Amino acid sequence: MTASHSVDTKQPLLQIRDLRKFFPITAGVFNKTVGHVRAVDDVSFDVFEGETLGLVGESGCGKTTTSRCILRAVDPTSGQILFRRKNDEIVDLAKLTREELQPLRAEIQMIFQDPFGSLNPRMTLFDNVGEPLLVNGMTNRAERTDRVADLLKLVGLRPEFMHRFPHAFSGGQRQRIGIARALSTNPRLVVADEPVSALDVSVQAQVLNLLLELQKRLGLTFLFVAHDLSVVRHISDRVAVMYVGQLVELAPTKTLFSRPRHPYTSALMRAVPVPDPRIPVGEVTLKGEVPSPANPPTGCYFHPRCRFATDRCKVEAPALREPTPGHFVRCHFADELDLTTAF
Amino acid sequence: MTAPLLSVRDLHVTFGLDEGSVRAVDGVSFDVLPGQVVGIVGESGCGKSVTMRSILQLVDEPGRIKQGEILYRMPGVDGQPETVVDLTKLAKRGPQMRAIRGAEIALIPQEPMAAFSPVHTVGDQIIEAIQLHHRQWRPDGSGLSRAEAREIVVDLFRDVGISMPDQRVDAYSWQLSGGLRQRAMIAMALSCKPRLLIADEPTTAIDVTTQAQVLALLRELQRKYGTAIIFITHDLGVIAQMANSVVVMYLGRVAEQGPVDAIFHAPKHPYTRALLRSIPSIVGQTQVALPTIAGTLPHPFNRPSGCPYHPRCDERKGPECAARVPSLKPVDQGQSVSCFLHHDSSDTQ
């Protein structure tokens, strides 16, 4: 269970190319398709080995659908999801059949948001954490017991807890159990969908520390989906921002927070309440509502809410560009706007 | 000094269960001044919601108010002087409590989806409340017609920033987006001109950008109508933006209370200090271990002796922490703390 921490190698573990997921809207007796919800609409990004990529955005922006496509919990409409296996073979997860995906499941695991709903209440910790091992061929019970004990110790729980049921544990402890289960198959990529949003602040800090420590020890790669910007900033190496199914900005964490280039990113950061009463409350810069992904606006999807929108934004959809190396942005005026925030 | 609008005095609420009784609220005291925003922070299980439900007399069985007073200053009707009523003495379903609930003290619940009935339009639900509490609009006692009440709802919707208010009145809650639904909920809470508003995690279920809009709206309405607000949240950022004073709760007791600036810049209780340290900041250093609070929240049947926080406390003073319960004592201008570090260990309860 040892792997070196290798951020510097900068080899992409996961490459997402032009990913789209449209859900049909049906109506009438014959369920005729009358439109599509463009939940994920042309998303491309890389996740490098050993890094944490944060994925943020408001509800309905497609961040969860993107992560579910990677796990093939939903089948993408089009696009490629290239994953580099242990033996450096590159496979396109979007094209594989259920049977072909089976051996890959061990390498990509997930941590869920709800620590109460994601554990089977009728199974002991041993069964909950050990089931992925059983599915992946570890049929010897004694061997599985040893492995589950190791995993529980790894996430800071006592191995004696193994024969208890999930109801005996607090929210933070259950989230640790969920993490132990995700790590049971020695995954290389862990998709964490809002793993700390259901937890109290003091428990949240404990779980974030655990994730950081596990990453260092096991060389894990995280795709960290969350809506809390201060949490994402704390844990991520790079951050991707989504809006109405599209990636609008992606940059190293420090750059994104000190010099955002997309007006949406900047507005999102200003909306975060700062825990200091001496910092005056800024005016609300983002008015109105997120448009429906079933009926997105023309041109740039953000133009109806953008303070800087021009006539060009209303008709011409901007492409994702890379104005400085490693900093991607989808805005016509990314080079001209000064969005330097107070942070 | 202005007299408090609401004064909670040594409130104890217990839940008698088969396994034993749980002391959900264990001696809580705080005041709410007219027009003031009081923020209540604490982690799950600290008793903040039970305290609020006690104020409205909505504590469900087997919960019971064992001890304490909740004094509410009622306005004088028809030139009569103000009276102070103890809400804990009123019958839960009695006419007095029903006249206060919704009209004098209103609640914004956490989950607006669950709070509205899905089979009635949002307008109908608010019209019903306005017609029921018509005295809030017509002190002379003459009733309000449906059409008149509907006019009030349309105006309220406009006030809380709902576009096309005359059409949205006839919408069902499931036809509205999260932000609109929360605005409609605020309109409903304000519909009977309450003098005290209890907002129980009103922005927890919504996105940051919508949250910023809702918080700005609450601040504006608070200024406009002078409503006092008790704001319950676990988000310290929201507290810093909204509250004038803060009450920090831990295991059913007040650990510390004081003006918002003192709580954030000169916290006295080790729990407040630890809580403030454990949040990842939007300006701090990234990818380092955050300071955490040792251990976990004790099980309600297994309350520690003495100060409830002492087993997790990193600034424990000595054996008195485990032996006696510190009482809430003033330490500074308007700031009180229940901790032996700040007052003599003979001040126990």
Side-chain angles (χ1 to χ4, degrees), chain A residues 52 56-61 169-173 199-209 212-213 215-216 227-237 253-254 257 264 267-290 292 305 342-343, chain B residues 41-46 161 163 177-180 203 205-213 215-217 219 234-244 246 259-261 263-265 271 274-294 296-297 299 312:
Chain A
T52 299
V56 290
E58 294 173 89
S59 34
C61 73
F169 297 90
S170 68
Q173 287 172 320
L199 307 174
D200 276 317
V201 275
S202 70
V203 184
Q204 173 179 299
Q206 292 173 356
V207 173
L208 287 176
N209 287 349
L212 283 169
E213 188 204 315
Q215 178 171 46
K216 220 177 274 168
H227 70 277
D228 186 331
L229 287 172
S230 26
V231 168
V232 168
R233 178 179 176 277
H234 184 78
I235 199 158
S236 308
D237 295 290
T253 308
K254 216 175 236 170
F257 280 84
Y264 176 66
L268 200 61
M269 287 190 303
R270 277 168 199 268
V272 179
V274 186
D276 183 350
R278 288 183 191 170
I279 292 175
V281 180
E283 62 169 315
V284 178
T285 48
L286 206 52
K287 302 219 164 73
E289 306 245 333
V290 179
S292 159
R305 304 175 80 192
F343 302 119
Chain B
V41 261
E43 298 177 87
S44 20
C46 74
S163 56
S177 68
L180 279 180
T203 57
I206 54 185
D207 282 312
V208 270
T209 57
T210 318
Q211 167 175 288
Q213 294 176 20
L215 294 181
L217 171 69
R219 272 194 299 270
H234 63 270
D235 187 332
L236 291 159
V238 172
I239 285 282
Q241 281 202 357
M242 293 296 295
N244 306 111
V246 181
V260 68
D261 196 74
I263 295 292
F264 281 88
H265 290 283
Y271 177 61
L275 208 56
L276 284 167
R277 276 197 304 265
S278 68
I279 36 173
S281 135
I282 199 121
V283 287
Q285 205 188 346
T286 63
Q287 295 188 319
V288 290
L290 291 162
T292 58
I293 301 178
T296 52
L297 216 59
H299 194 273
R312 305 177 71 188

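Both backbone and side-chain heavy atoms feed into the values below; hydrogens, waters and symmetry mates do not. All figures in this text were calculated on a predicted structure; none of them were measured in a lab. Chain letters run A, B, ... following the sequence lines, proteins first and then strands; every chain starts at 1.
- Not counting sequence neighbours, the partners of A:Gln173 by the side chain to side chain donor-acceptor pair (under 3.5 Å) test are A:Ser170.
- The greatest number of non-hydrogen atom pairs below 4.5 Å with chain A, out of B:Ile263, B:Ile239, B:Val288, is found for B:Val288.
- Of the listed residues A:Asp276, A:Val203, A:Leu229, the one with more heavy-atom pairs under 4.5 angstrom with chain B than any other is A:Asp276.
- Counting heavy atoms from C-beta on, the side chains of A:Gln204 and B:Pro280 come closer than 4.5 Å.
- The two residues B:Ser278 and A:Ala205 come nearest to each other via the heavy atoms O-CB, 3.5 Å.
- What you find for A:Pro275 and B:Phe264 is that their closest heavy atoms are O-CD2, 3.4 Å.
- In terms of heavy-atom pairs under 4.5 Å with chain A, the best-connected choice from B:Ile293, B:Leu290, B:Thr286, B:Ile279 is B:Leu290.
- At least one side-chain heavy atom of B:Arg219 sits under 4.5 Å from a side-chain heavy atom of A:Val281.
- The two residues B:Gln287 and A:Ile235 make their nearest non-hydrogen contact at NE2-O, 2.9 Å.
- Residues A:Ser202 and B:Glu43 meet the side-chain proximity criterion, which asks for heavy atoms closer than 4.5 Å.
- Once rounded to the nearest 0.5 Å, the distance linking NE2 of A:His227 with OG1 of B:Thr209 reads 11.0 Å.
- For B:Leu180, the parts lying under 4.5 angstrom from a heavy atom of chain A are both the backbone and the side chain.
- The candidate from B:Asp261, B:Leu236, B:Val260, B:Val208 with the greatest count of non-hydrogen atom pairs under 4.5 Å with chain A is B:Asp261.
- The backbone N or O of B:Ala289 lies less than 3.5 Å from no partner atom in the side chain of A:Asn209, so there is not a single donor-acceptor pair.
- When each of A:Asp200, A:Val232, A:Leu212 is checked for heavy-atom pairs under 4.5 Å with chain B, A:Asp200 comes out on top.
- Summarising the geometry of A:Pro273 relative to B:Asp235, their closest heavy-atom pair is CG-OD2, 4.5 Å, with the distance given to 0.1 Å.
- Listed for the B:Asp207 side chain is no donor-acceptor partner under 3.5 Å among the backbone atoms of A:Glu58.
- The greatest number of non-hydrogen atom pairs below 4.5 Å with chain A, out of B:His265, B:Arg277, B:Gln211, is found for B:His265.
- Comparing A:Pro280, A:Ser236, A:Ala267 by how many heavy-atom pairs each has under 4.5 Å with chain B, the most go to A:Ser236.
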